[in-house]
Amino acid sequence: MDLMGFFMETGFWMACIRMATPLIFGTLGELICERAGVLNLGIEGIMAAGCMGGWMWVYLGGSLWTGIVFAAFIGAVFGLLHAGFTVFLGLSQHVTGLGITLLGSSLSAYVFRMLLPKATTPPKIVPFQALEIPFLGDIPFLGEIFFSQTALTYLALAAIIFVAFVLFKTPLGLALRMVGENPMAVEAQGLNVFYLRTLAVCAGSAMMAVGGAFLTMSAFDAYYIGMVNGRGWICIALVVFSSWKPFKALAGCLLFAAFDAIQMRVQQQAGMAIPYQFYLMLPYVFSIVALVIMSRKAAYPNALLIPFRKGER
Amino acid sequence: MRLELRENTSIPRLTAAILIAVGVAMAVCSVLIIWAGASPIEGWHLMIKGALGSRFALSETLTRATPLIFTGLAAAVAFRAKLWNIGGEGQFYIGACVAVLLGTRGANLSPLVMIPYLFAAGAIAGGLFLLVPTLLKTYLNVDEVVTTLLLNFVVLLFVNWLVFGPWKDPMSMGWPQSAPVVDAAMLPILLAKTRLHLGFAVAVLSAVFVWWFMAYTTWGFEMRAVGAGLKASTFAGMPITRTIVRTALLSGGLAAMAGVSELCGVKGYLTTDLSPGFGYTGIVVAMLAALNPLGIVASAIFVAIIYIGADFMSRAINISNYIADVTTAVSLLSVLMAVFLTKYRIKRG
C-alpha cells in the first residue's frame with residue numbers, strides 16, 4: 001500500500017477540500033451562533049432542510065443560485081424559530097435545538113415524500129459544475145486543488161474571510177461577540193441583546209442550510225432521506241476544536257476532511273482486511289477524540305447557554 | 001413586552017397547558033394533511049382508528065409505547081440532573097447486543113432466571129456505556145451532548161458490522177440479522193394473539209420505581225438538586241461527581257432496558273432497524289411529560305398512538321408516515337412553550 005503516494009496526488013487534496021465544504025459552512029454557522037451565546041443543536045435538522053429544500057427548488061425548475069438563496073432562507077426561518085424560543089423566551093437551548101433538529105429532519109422527509117411519492121430511484125438534478133478560475137487554476141498543485149472546485153467551495157472559503165472580518169474588525173462583530181460574553185455590558189451600551197442574538201442565530205442557521213444544500217447541489221445530484229448523517233454534530237465538535245475562531249475552523253474542517261479522505265483511500269486499498277464499518281466509524285471517533293483533546297483548554301463564550309432577561313441578573 | 005415569573009405552578013394548569021400544546025401540534029399537522037389533499041378530520045379519525053380502534057390496534061400501540069417508556073425515563077432522569085444524555089439510541093442497541101450475546105446460549109435456563117438476568121446485564125452495560133461520556137464530562141470538561149450523539153453513530157455502525165459479520169445468522173437466508181435468542185429469553189405475551197409482551201409491565205413498573213426513587217430517596221433528591229443548581233449543591237456538601245455517575249448509570253441502564261425489552265419481546269433477533277429512533281423519540285416523550293416519570297407512561301402511549309396511527313393512515317390514504325415524526329417534533333416545541341407559559345406570564349410594557 002502506497003500511503004505516501006496519494007498525498008502527492010491532486011485528486012486526493014481536491015477531494016479533501018470538496019468534503020470540507022459542507023463542514024465549513026456548518027461550522028461557521030454554529031460558530032456565529034455560539035459566539036453570540038446561543039448553542040444551536042438544530043444544526044443537523046437545518047442542514048437536512050437546506051439539503052432537501054435547495055435540491056427541490058432546482059428539481060422543480062429553479063436555478064442553482066436561487067436554490068442556494070432559498071436554502072439559506074429556509075435556514076434563516078428555522079433560525080428565527082430557534083431564536084424566538086431561546087433568545088426571546090429564554091427556553092432551554094438544548095431541548096429547543098433538538099426539537100428543531102427533529103422538525104427539520106422530519107419535515108424535509110415528509111415534504112420530499114409528498115412531492116415525489118413514486119420516486120423509487122432518486123431523481124437527479126444538474127448540480128454545480130467545477131469552475132476553474134483562470135490563471136490561478138493553472139498554478140501547479142495548489143492552484144489545481146484550490147481553484148478547480150465548484151462555486152460553492154469558493155463561497156465557503158470567502159465566507160470564512162468574511163465572517164472573520166465581520167467578527168473581529170467591525171463594530172457589529174464586536175457587539176456580537178460581546179452578547180456572547182457579557183450581555184449586560186451590551187445592554188449598558190444601549191444595544192439590543194435580543195436583536196443581536198437573533199441576527200446571529202438567523203445568519204448562522206442560513207449558513208448551515210447552505211452547507212446542507214452543498215451535499216445535494218454540488219457534491220451529489222440527488223437527495224435521499226438521512227443524507228446529512230451526523231455532519232451537523234461533527235460541526236459542533238469542530239467549533240470547540242477551532243476555539244471559536246474562523247481560520248482555525250477552516251484548518252479543523254480540512255484536517256477532518258483529510259482524515260475522511262484518507263480512510264476512504266485506505267479502505268479501497270486495504271480492502272476487506274478491516275471491515276468497512278470501522279472505517280465509517282472513524283469520522284465520529286475522530287470528532288470525539290478532537291473534542292477530548294481540545295476541551296481542557298476550551299474557552300467557551302462566557303454567556304453561552306445563559307438566556308438574557310432584562311432586569312434579571 | 002416583558003416576562004414576569006408566576007408565583008406558583010399548579011399541576012392542573014400544567015396539565016391544561018400540555019393538552020393545549022398537543023392541540024396546537026395537531027392543528028399544525030392538520031395543515032400538512034390538507035396539503036396532501038385529504039381532510040384532516042378523516043386523517044385524525046383514521047389515526048385514532050388505527051391506533052385504538054380494536055383490541056389488536058390497542059395492543060400494537062402499547063407494544064410500541066414500551067420502548068418509549070424506557071427511553072423516555074432515561075432522558076427524564078438524565079435531564080433532571082442536567083446531564084444531557086442524547087445517546088439513548090446507542091444505549092438501546094448496547095442493551096440489545098447484550099441480550100443477544102447472553103440470550104442466545106443457556107437454553108436450559110428457566111425464564112424466571114434468564115429474563116431478569118438479561119434485563120440486569122443489559123442495564124449494567126448501558127449504564128457503563130453512558131459512563132464514558134459522563135466521566136469525560138466531569139473530569140475533562142468534554143461536552144456530553146456531542147459525545148453521546150456521536151457515539152450513537154458509532155454503535156449503530158458496530159451493530160451493522162455484527163449483523164453483517166460475526167453474528168450473522170447462517171439460517172437467515174442471507175438477511176443481515178443475528179441468531180434468535182433462546183425461548184427462555186423471550187418475554188411472555190401478556191395478551192393472547194397480540195404482540196404485547198412482559199416488557200410493557202416492566203416498563204410501567206420502572207416508571208413507578210423511577211418516580212419513587214426521584215421523589216423519596218436521598219440519591220434522587222441529590223440528582224434533582226444537582227440539576228437545579230450545581231453551586232448550591234456543592235455548598236450543601238453533596239457528592240457532585242458521584243451523583244452524576246449514579247444518574248448516568250440509571251439513565252444509560254433504562255435506555256438499554258428498552259433494547260433488551262424490544263429484542264426479547266418483539267423480534268427475538270438483532271437487526272439494524274430494531275429501533276426506528278426510539279432513543280431520540282424518548283427525549284420527546286420525556287419533555288411531553290415535563291420530565292415526570294409517571295407522566296412518561298401517558299406521553300409514551302400518546303406518541304405511540306401517533307406513530308401507529310400514522311402508519312395506518314398512510315396505508316389508508318396517500319400520506320407519508322413521516323407525518324408522525326413531524327407531529328412529535330411540533331408537539332415537543334409547543335409543549336416547551338406551554339410549560340414556559342405556566343411559569344411566566346407575558347405582560348405589556
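Per chain, numbering begins at 1; letters A, B, ... match sequence-line order.
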Student: Roughly how far apart are B:Lys137 NZ and A:Leu291 CG, rounded to 0.5 Å?
Tutor: 12.0 Å

Student: Let me know if B:Ile319 has heavy atoms under 4.5 Å from chain A in its side chain, its backbone, both or neither.
Tutor: both

Student: Which heavy-atom pair separates B:Ala329 from A:Gly99 by the least distance, and what is that distance?
Tutor: CB-O, 4.2 Å

Student: Measuring heavy-atom distances to chain A, does B:Phe164 have an atom under 4.5 Å in its side chain, in its backbone, in both, or in neither?
Tutor: side chain

Student: What part of B:Trp161 is in contact with chain A, defined as an atom under 4.5 angstrom from a non-hydrogen atom: side chain, backbone, both or neither?
Tutor: both

Student: Heavy-atom pairs under 4.5 Å with chain A - which of B:Asn160, B:Thr147, B:Leu156 has more of them than the others?
Tutor: B:Asn160

Student: Against chain A, label B:Met287 side chain, backbone, both or neither, depending on which of its atoms sit under 4.5 Å from a heavy atom there.
Tutor: side chain

Student: Counting heavy-atom pairs under 4.5 Å to chain B, which of A:Ile236, A:Asn229, A:Ile100 comes out on top?
Tutor: A:Asn229

Student: Which bit of B:Ile323 is near chain A, if near means a heavy-atom gap under 4.5 Å: side chain, backbone, both or neither?
Tutor: both

Student: Less than 4.5 Å apart, any side-chain heavy atom of A:Phe85 and any of B:Phe340?
Tutor: no

Student: For B:Leu332, is it the side chain, the backbone, both, or neither that has a heavy atom closer than 4.5 Å to a heavy atom of chain A?
Tutor: side chain

Student: Tell me whether A:Tyr284 contacts the main-chain N or O of B:Asn152 through its side chain, where contact means a donor paired with an acceptor under 3.5 Å.
Tutor: no

Student: Given a strict heavy-atom distance threshold of 4.5 Å, which part of B:Val145 is in contact with chain A: side chain, backbone, both, or neither?
Tutor: side chain

Student: Say you draw a straight line from CE of B:Met337 to OG1 of A:Thr96; how long is it, rounded to the nearest 0.5 Å?
Tutor: 9.5 Å

Student: Take A:Ile225 and B:Tyr322, measure what side chain to side chain contact (heavy atoms under 4.5 Å, CB included) needs, and give me the verdict at the end.
Tutor: CA-CA 11 Å; A:Ile225 291 162; B:Tyr322 278 102; 3.5 Å; yes

Student: Heavy-atom distance under 4.5 Å between the side chains of B:Leu32 and A:Val111, does that happen here?
Tutor: no

Student: Find out whether A:Val292 and B:Leu140 are in side-chain contact, i.e. whether some heavy atom of one side chain is under 4.5 Å from a heavy atom of the other.
Tutor: yes

Student: What do you reckon, is CG of B:Asn318 surrounded by more than 12 foreign heavy atoms closer than 6.0 Å?
Tutor: no

Student: Can you tell which of B:Ile86, B:Asp325, B:Val142 has the highest number of heavy-atom pairs within less than 4.5 Å of chain A?
Tutor: B:Val142

Student: Could you check if a side-chain atom of A:Tyr300 sits within less than 4.5 angstrom of a side-chain atom of B:Asp143, using non-hydrogen atoms only?
Tutor: yes

Student: With the side chain counted from C-beta on, respond yes when B:Phe158 and A:Pro275 share a heavy-atom pair under 4.5 Å apart, and no when they do not.
Tutor: no

Student: Would you give the length of the straight line joining atom CG of A:Leu115 to atom OG of B:Ser320, rounded to the nearest 0.5 angstrom?
Tutor: 11.0 Å

Student: Taking only heavy atoms into account, what residues of residues 29-49 of chain A are found under 4.5 Å from chain B?
Tutor: A:Leu41

Student: Between atom CG of A:Leu89 and atom NZ of B:Lys343, what is the distance when rounded to the nearest 0.5 Å?
Tutor: 12.5 Å

Student: For B:Val339, is it the side chain, the backbone, both, or neither that has a heavy atom closer than 4.5 Å to a heavy atom of chain A?
Tutor: neither

Student: At a heavy-atom separation under 4.5 Å, does B:Leu333 approach chain A through its side chain, its backbone, both, or neither?
Tutor: both

Student: Quick one: which of A:Ser105, A:Ala109, A:Ser287 has the most heavy-atom pairs under 4.5 Å with chain B, could you say?
Tutor: A:Ala109

Student: Which region of B:Leu336, side chain (C-beta onward) or backbone (N, CA, C, O), has a non-hydrogen atom less than 4.5 Å from a non-hydrogen atom of chain A, or is it both or neither?
Tutor: both

Student: Around atom CH2 of B:Trp35, are there more than 12 heavy atoms of other residues, nucleotides or ligands at under 6.0 Å?
Tutor: yes

Student: For A:Leu280, is it the side chain, the backbone, both, or neither that has a heavy atom closer than 4.5 Å to a heavy atom of chain B?
Tutor: both

Student: Please give me the minimum heavy-atom distance between B:Phe153 and A:Gly230, naming the atom from each residue.
Tutor: CZ-CA, 3.4 Å

Student: Are B:Leu150 and A:Phe286 side-chain neighbours, meaning at least one heavy-atom pair lies under 4.5 Å?
Tutor: no

Student: Which heavy atom of A:Tyr110 sits nearest to which heavy atom of B:Ala36, and what is that distance?
Tutor: OH-CB, 3.9 Å

Student: Which region of A:Phe88, side chain (C-beta onward) or backbone (N, CA, C, O), has a non-hydrogen atom less than 4.5 Å from a non-hydrogen atom of chain B, or is it both or neither?
Tutor: backbone

